[in-house]
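Following: one structure in structure tokens, then a few remarks.
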Amino acid sequence: MAAKPQHAFFEQLGFAGWLALEHVCAHARAAGLLVIADAKRGDVPSTAAAYSRALTGPPPGLAADAITANPLMGRDALEPLIAGARERGAGAFLLVRTSNPGAADVLDLELASGEPLWARLAAITAELGEGDPLADVGAVTGATVPEHLARMRELMPRTPFLLPGIGAQGGDVAALAPAFAPGRAAGLVSASRSIAGAGEARGGDPAQAARAEAERLREAAWKLA
């Protein structure tokens, strides 16, 4: 299991927010969780290298186990992020086909080759990843569009899939079987609001309700492997 803090909600608070983010990451690691820095960075190489040091570097960096990155500026913007993560034994998840409705405006566009843009991003993701049986570069593949997962798995056979959109966005774990074709570790189901709001939805102790919802999602996902 992993914690995936969304950086925007911390960064909006300025310096105090970054301190809170450091505390959340440290607490998650102490609990035995991997930490995915959900920052969606992507910029020119010099800036990307600085982002890498901030996110996966040792203190004063966050020392995250993985980051999310935006691939739309191309390979030279990705390579410093991936190289910096790799040096520290961390990974990266590239946005291939996101879970929001507006993703169709860009990521589903048909290229001259006849393939959608997300398929080209999937191929780049697979090419950049190293390691076996699973690569150290993963893909963000929205759980709200499960009809694409089988093709994505063909394009990225060794790539871990980060699957946002479960719960509040309408994604269903039962539809995600292609993501887990290589095994349980090949898919990481991401849910935020459904876990954070479990206490309000179910009643009772909020922490226990959140834990129960997280365990329910994990069991449902592992049944698919």
Under 4.5 Å between side-chain heavy atoms, hopping through other hydrophobics if needed: is there a path connecting [X] to [Y]?
X    : Y    : value
L155 : I124 : no
V96  : F180 : yes
I166 : L34  : no
V173 : V145 : no
I36  : I195 : no

Pairwise distance NE2(H27) to CD(E22) - rounded to 0.5 angstrom: 15.5 Å

Is it the case that R120 places NZ or CZ above or below the six-membered ring of W118, under 6.0 angstrom from the centre and within 45 degrees of the axis? no

Are the side chains of [X] and [Y] in touch, meaning some heavy atoms are under 4.5 Å apart?
X    : Y    : result
R151 : M156 : no
L188 : L163 : no
L95  : P71  : yes
K4   : L162 : yes

Are any side-chain N or O atoms of [X] and backbone N or O atoms of [Y], one a donor and one an acceptor, separated by less than 3.5 Å?
X    : Y    : answer
Q12  : F9   : yes
R97  : A122 : no
D65  : A90  : no
D172 : A175 : no

Which side-chain N or O atoms in residues 131-141 pair as donor and acceptor under 3.5 Å with protein atoms at least two apart or in another chain?
unit_1	atom_1	unit_2	atom_2	d
D136	OD1	R86	NH2	3.0
D136	OD1	E130	N	2.9
D136	OD2	R86	NE	2.6
D136	OD2	R86	NH2	3.3

